[in-house]
Amino acid sequence: MKEITRRPLTEIPKVYDPAAEEGRWYDFWEKKGFFRPEVNPEKPPFTIVIPPPNITGSLHMGHALNNTLQDILIRRRRMQGYEALWLPGTDHASIATEVKVEEWLAQEGTSKEEIGREAFLQRAWEWREKYGSTIVRQLKKLGSSCDWSRERFTLDEGCSRAVIEVFVRLFEKGLIYRGDYITNWCPDCQTVISDIEVEHEEKMGHLWHIKYPLKDGSGHVTVATTRPESMLGDTSVAVNPGDDRYQGFIGKTVILPIVGREIPIIADEYVNPAFGTGAVKVTPAHDPNDFDMGERHNLPKVVVIGRDGRMTAEAGRYQGMDRFECRRALVEDLKEQGFLLEIKDHTHAVGHCYRCQSVVEPLVTTQWFVRMKPLAEPAIEAVKNGEITFVPERFTKVYLNWMENIRDWCISRQLWWGHRIPAWYCRKCGEITVARQAPDGCAICGSARLEQDPDVLDTWFSSALWPFSTLGWPEETPELGYFFPTGVLVTAYDIIFFWVARMIFSSLEYTGKRPFHTVLIHGLVRAADGRKMSKSLGNGIDPLDIIDQYGADALRFSLVTGLTPGNDMRFYMEKVEGARNFANKLWNAARFVLMNLEDFDPDTGGPDAAELSLADRWIISRYNRVIGEVDRLIDGYELGEAARSVYDFLWNEYCDWYIELAKPRLYGKEDPAGRRATQATLHRVLEGTLRLLHPFMPFVTEAIWQNLPHAGASIMVAPWPRSSEGEIDESAERAMAIIIEATRALRNLRAEFGVAPGKRAEATLIAIDSEAEAILREQAAYIQSLTTADLTVVPAGGKRPAQTVAQITSNAEIHLSLKGLIDLEREIERLNKDLQQTEAELEKSQRKLSNEGFLSKAAPEIVERERGRATELAAKARRLQERLALFDQMR
RNA sequence: GGGCGAAUAGCUCAGCGGGAGAGCACCUGCCUUACAAGCAGGGGGUCACAGGUUCAAAUCCUGUUUCGCCCACCA
């Protein structure tokens, strides 16, 4: 079906206006249903699941980059004939949202504690209704071709069902357990967080040396600590069993200063004799290592710091103090009472909450954990054996290193917004029931007094299931069967552990399949000065502002050009301007083509091959090469290079040369068949290049495409271009190289010798051989039109004109007539400079060719090329010398 | 303490075994009937440093320096 909706030329503005085009094309695509693939066994599927943005978020540059990359991949696959599903959705973002809702309540003068769990959740859902889709609307402005009819939410019914299913299965398999362990407690968020949610920051601190007197009065041991306040909870002092200094101390008792508690000196291999004093105070309730030592030696746990970060009753007179306040007070007291021996500067890593940046407090709490070792093994294997590939490859190591050293995952959170843990406790007998649905009674004692665990699951527990929970798992839906496993997962390197790793082991465990075959990792978008864009620095640039001002295409293009997978990039306005200019360039090239296509009907069949001009054949050849190039680059995920490749072709070849060369043929009246052949080529190459560019710049390409004669409803469902080997024309490319070189040489002479642009010049081209002569002669009209000159082509060895300045190219001498205006000295200088350069290069080349090793070991085609090059350079040098000799005589 | 990345033109970055590239900026000339968000021409680089491998190194190897990142329970 052919559909032509061409606009009159007068309605096409000279400057491309993205604001006028983008919105309506997006609506058009959406209405036509182009974003919605079907389960169609006749066609191959290609699936990408979006990294679900938080409902609390709004689109930032990181999202813009991430989604641009996904859109490029998905649009190309769709054009290639895949059933391309880009599955969108959002994440409930447990802590982040809970904080937002609490703020909201605070504004109303109330709190979550006051209104209670149920009311709080209702408010949270309200909040989500109100703000949760902000980011979705913004993604549409970017051009994201997501299937919105399948939009999911990590807390929706289906995803929740998957979460419960997984929890129950893991529990039944013994891979989920509950227990009291030392965990990372955030006193501000009032919840435990997992190990990877703790950010370590090297900080300058102190190492306090404190004297612990022996009970028997025979002396003391000195311990070193970075957190003196924790000593209030000490229940032992440990030394290394092999440490000679302390042999006599092991088994003795010391008296804890200030507190007065009697605690034993124990021996434990963990203690490093070389660090500090070689004696460690042991606080099992407030330090992970001490906790382990406590377990080994059966030490009591004395909790001195509470969940609010304040000292407990166990802290005696420090009770109620903030932990840092207590530190100051305690140090003072120790000093006063003579227990403080020394304070040394010491840098150490302090853990901070990734959400609120508070210093994390290690506390013993009751939590749920996932036993990781058994899950990690297949996840390691799948990456090692190449089932899942990271791009760039170096992230494989990062992933494996983490997986191989993985520790159990703390999944419970002391929050309300999220998936509530499906565990019920019997108030009567204490039995724990884990079930898909609330049980009627206790399985052991039959009591109906059951209480569900108040905690919710880590947000990442549900995102880990995203690639299959969104397709209906645990149900064996047709969608799951068809679209899963997915293809490429596109994400930034900072969530490899949080998300990618967890999707991999989850998918392997529950579906038995890999979640995706490729993980495309990109970097962070930084500010122009290289710093991270952040709210606190106030240096963030809103992608929507850029879209409003320059268009989504310009934003997308500037994010993708110059991008190397895995590397950070800088965002600066000059780049956006460049991309905007490119869109405009394209727009105007299209305007030119349209202006010259008014009497052209693409349906009357392609032009006869014989009617194609050199320029036609050349641009068709180049076009086919570029298709191959772009395919190769996209297949290798080098999207930045692919974009550059189209850019260069369109601007530097199609616009700069082909359009210019097409003009004489289009304007000429004497060759209607030739004119038609050029019209056809102009149209065909532009139309095809638009399709190549469409994944990168969807809007402008559609806007233009709809104005061109076209078949089909939209460029986004038009077929992806295919490279045709048969149309690659080496001889046309060689000939064009000669034309281009000659044209440049002549333009250069004109510019350098100040021949006014409008003025008709006279030029003589002396070919180096008969082949070059033929080409120059045939194409003389082109060169004339490109240089505003009258040309005479002279065969090799022909007579040189007098009174000219010249440039020697590899295939010709280009003479510009100056008739007595020549500055002899200046010309000699110019030629000499060229000769010097040529000779230097020639010498280099000859040195290579006289190298026995080069001749015998280098690839034959390399040697051949070098020979050709040397011959060319020698000829050029000889001609330059002749020319110089001539001027010398004239002097 | 381990690991990774970056270092190439004034700036931002490609290139990653065979002739140093792009965009922006800069200089010169042009409102040439697609585009001044443009056209034509031009200048500009011991590819961080030191060794090594190779016929051949910006590119591979080793080390060094500077910057950045990630991981790690020595108090």
Side-chain angles (χ1 to χ4, degrees), chain A residues 12 14-16 182 195-196 200 207 223-227 230 238 270-272 274-283 287-292 346 348-349 351 362 392 394-395 397-398 401-402 405 407 493-494 496-497 523-524 528 530 550 554 561-564 566-575 577-596 638 640-641 644 647-648 652 655-656 659-660 663 667 744 747-752 754 756-758 786-788 841 844-845 848 851-859 861-863 865-866 869 873:
Chain A
I12 301 178
K14 270 171 86 160
V15 174
Y16 173 60
I182 197 133
D195 292 332
I196 53 173
H200 293 274
L207 200 53
V223 299
T225 181
T226 54
R227 306 180 56 210
S230 71
Y270 161 76
V271 182
N272 174 4
F275 188 89
T277 62
V280 188
K281 54 186 274 319
V282 185
T283 324
D287 181 277
N289 299 309
D290 295 6
F291 179 88
D292 291 345
H346 179 67
H348 62 130
R394 75 181 119 96
F395 288 102
K397 214 168 138 185
V398 177
N401 190 43
W402 188 76
N405 297 292
R407 287 149 59 201
Y493 56 68
D494 56 350
I496 293 177
F497 305 143
L524 272 29
Y550 296 91
T561 44
L563 184 79
T564 320
N567 286 13
D568 289 353
M569 63 163 313
R570 298 189 194 201
F571 188 88
Y572 50 101
M573 294 313 294
E574 287 85 349
K575 209 165 159 187
E577 278 170 27
R580 186 264 323 254
N581 294 355
F582 177 54
N584 191 55
K585 182 76 181 175
L586 177 59
W587 181 257
N588 278 290
R591 280 180 63 235
F592 170 84
V593 173
L594 283 170
M595 282 176 190
N596 291 285
E638 296 181 72
E641 283 297 285
R644 194 194 46 77
Y647 176 101
D648 286 348
N652 304 129
C655 290
D656 286 354
I659 284 186
E660 293 310 317
K663 282 176 182 173
Y667 301 155
R744 288 211 166 115
R747 281 172 172 172
N748 170 284
L749 288 170
R750 287 190 64 126
E752 214 162 313
L786 294 171
T787 57
T788 335
E841 276 181 56
K844 224 167 113 185
S845 180
K848 258 190 191 176
N851 181 336
E852 198 45 54
F854 177 72
L855 295 175
S856 59
K857 291 185 183 170
E861 64 269 23
I862 299 287
V863 177
R865 198 168 77 204
E866 200 58 41
R869 189 161 170 259
L873 285 166

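Convention: sequence-line order gives letters A, B, ...; per-chain numbering from 1.
- Between the CZ atom of A:R750 and the P atom of B:A40 there is a distance of 14 Å, rounded to whole Å.
- Atom CG of residue A:N596 and atom OH of residue A:Y667 lie 5.0 Å apart, to the nearest 0.5 angstrom.
- For B:A75 and B:C49, the P atoms lie 39 Å apart once the distance is rounded to whole Å.
- Here A:G351 lies out of heavy-atom contact (under 4.0 Å) with every strand.
- At distances below 3.5 Å, at least one donor-acceptor pair connects side-chain atoms of A:R750 with backbone N or O atoms of A:T787.
- To the nearest 0.5 Å, atoms CG (A:D195) and CZ (A:R407) are separated by 4.0 Å.
- Distance check on atom C1': B:A14 versus B:C55 gives 29 Å, rounded to whole Å.
- Put simply, NZ on A:K857 and CG on A:N851 are 9.5 Å apart, with the number rounded to the nearest 0.5 Å.
- When every heavy atom of A:T283 is checked against every heavy atom of A:S230, the shortest pair comes out as CG2-O, 3.2 Å.
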Please write out the pairs of protein N or O atoms and N or O atoms of nucleotides 43-45 of chain B separated by less than 3.5 Å, giving the distance to one decimal.
none

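- In this structure, A:H200 atom NE2 and B:A72 atom P are separated by 6 Å, rounded to whole Å.
- Comparing the C1' positions of B:G43 and B:U28 gives an interatomic distance of 10 Å, to the nearest angstrom.
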Next item on the list: Take A:K848 and A:V863, measure what side-chain contact (heavy atoms from CB on, under 4.5 Å) needs, and give me the verdict at the end.
Entry: CA-CA 9 Å; A:K848 258 190 191 176; A:V863 177; over 6 Å; no

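- In this structure a side-chain-to-backbone donor-acceptor pair under 3.5 Å is present from A:K575 to A:T561.
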Are there any protein N/O atoms within less than 3.5 Å of an N/O atom in nucleotides 29-38 of chain B, and if so, which ones and at what distance?
| from | atom 1 | to | atom 2 | distance (Å) |
| --- | --- | --- | --- | --- |
| B:A34 | OP1 | A:K663 | NZ | 3.4 |
| B:A34 | OP2 | A:Y667 | OH | 3.4 |
| B:A34 | O2' | A:N588 | OD1 | 2.9 |
| B:A34 | O2' | A:R591 | NH1 | 2.7 |
| B:A34 | N6 | A:C655 | O | 3.4 |
| B:A34 | N6 | A:E660 | OE2 | 3.2 |
| B:A34 | N3 | A:N588 | O | 3.2 |
| B:A34 | N3 | A:A589 | N | 3.3 |
| B:C35 | OP1 | A:K14 | NZ | 3.2 |
| B:C35 | O4' | A:N588 | OD1 | 3.1 |
| B:C35 | O2' | A:N584 | ND2 | 3.4 |
| B:C35 | O2' | A:N588 | ND2 | 3.4 |
| B:C35 | O2 | A:K585 | NZ | 3.1 |
| B:C35 | N3 | A:K585 | NZ | 2.9 |
| B:A37 | O4' | A:N581 | OD1 | 3.1 |
| B:A37 | O2' | A:N584 | ND2 | 3.1 |
| B:A37 | N3 | A:R580 | NE | 2.8 |
| B:A37 | N3 | A:N581 | OD1 | 3.4 |
| B:G38 | OP1 | A:N581 | ND2 | 3.0 |
| B:G38 | O3' | A:K585 | NZ | 3.1 |

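- Among the nucleotides B:G19, B:A75, B:G3, the one closest to the side chain of A:K397 is B:G3.
- A:Y493 places its OH atom 6 Å from the C1' atom of B:C69, with the value rounded to the nearest Å.
- Side-chain N or O atoms of A:N588 include one that pairs as donor or acceptor with a backbone N or O of A:K14 at under 3.5 Å.
- Between A:E866 atom CD and A:L855 atom CG the span is 10.0 Å, to the nearest 0.5 Å.
- For B:C69 and B:A9, the P atoms lie 23 Å apart once the distance is rounded to whole Å.
- Atom pair A:K281:NZ and B:A75:P shows a separation of 12 Å (rounding to whole Å applied).
- For A:R570 and B:C13, the shortest distance from a side-chain N or O to OP1 or OP2 is below 4.0 Å.
- Atom CG in A:N652 sits about 11 Å away from atom P in B:G41, given to the nearest Å.
- A:F571 has its CZ atom 16 Å from the P atom of B:C24, to the nearest Å.
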Next item on the list: Report, as a single string ordered 5' to 3', how protein heavy atoms within less than 4.0 Å touch nucleotides 52-63 of chain B: B base, S sugar-phosphate only, - not at all.
Entry: ---B--------

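- Salt-bridge check for A:K844 with A:E841: failed, with every basic side-chain N at 4.0 Å or more from each acidic carboxylate O.
- Nucleotides B:G19 and B:A34, compared at atom P, are 40 Å apart to the nearest Å.
- Scanning RNA chain B for stems, defined as runs of 3 or more consecutive Watson-Crick or G-U wobble pairs whose donor-acceptor distances all fall under 3.5 Å, gives the following ranges: B:1-7 with B:65-71, B:10-13 with B:21-24, B:26-30 with B:38-42, B:48-52 with B:60-64.
- A:R394 pairs by the side-chain hydrogen bond (donor to acceptor under 3.5 Å, both in side chains) definition with A:N567, not counting sequence neighbours.
- The CD atom of A:E574 sits 17 Å away from the P atom of B:G10 (whole-angstrom rounding).
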Sort me out a list of protein N/O and nucleotides 14-17 of chain B N/O pairs below 3.5 Å, or just none if empty.
| from | atom 1 | to | atom 2 | distance (Å) |
| --- | --- | --- | --- | --- |
| B:A14 | OP1 | A:T564 | OG1 | 2.5 |
| B:A14 | O5' | A:T564 | OG1 | 3.1 |
| B:A14 | O2' | A:E641 | OE1 | 3.4 |
| B:A14 | O2' | A:E641 | OE2 | 2.1 |

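- Using a 4.0 Å heavy-atom distance criterion, A:V271 is classed as a base contact.
- A:F395 comes within contact range of no nucleotide atom at all, as no heavy-atom separation falls under 4.0 Å.
- For the P atoms, the distance from B:A50 to B:G44 is 24 Å, rounded to whole Å.
- At least one side-chain nitrogen or oxygen of A:H346 sits closer than 4.0 Å to the OP1 or OP2 atom of B:A75.
- Only the C1' atoms considered, B:A6 is 15 Å distant from B:G15, to the nearest whole Å.
- Side-chain proximity of A:R747 to the nucleotides B:G18, B:G41, B:A72 is greatest for B:G41.
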Next item on the list: Check step by step if side chain to side chain donor-acceptor pair (under 3.5 Å) holds for A:N581 and A:Y16.
Entry: CA-CA 9 Å; A:N581 294 355; A:Y16 173 60; over 6 Å; no

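- Using cut-offs of 30° and 60° on the angle between ring planes, the pair A:W402 and A:F497 is parallel.
- Between the A:N584 side chain and the A:V15 main chain, no donor and acceptor come within less than 3.5 Å of each other.
- In this structure, A:R744 atom CZ and B:A40 atom C1' are separated by 11 Å, rounded to whole Å.
- Taking CG of A:D292 as the reference point, atom OH of A:Y270 lies at 9.0 Å (rounded to 0.5 Å).
- As rounded to the nearest Å, B:G21 and B:G45 have C1' atoms that lie 11 Å from one another.
- A:D287 places a side-chain N or O within donor-acceptor distance of the main-chain N or O of A:D290, the cut-off being under 3.5 Å.
- Judged by closest nucleotide on RNA chain B, A:Y647 is the one of A:F497 and A:Y647 placed further toward the 5' end.
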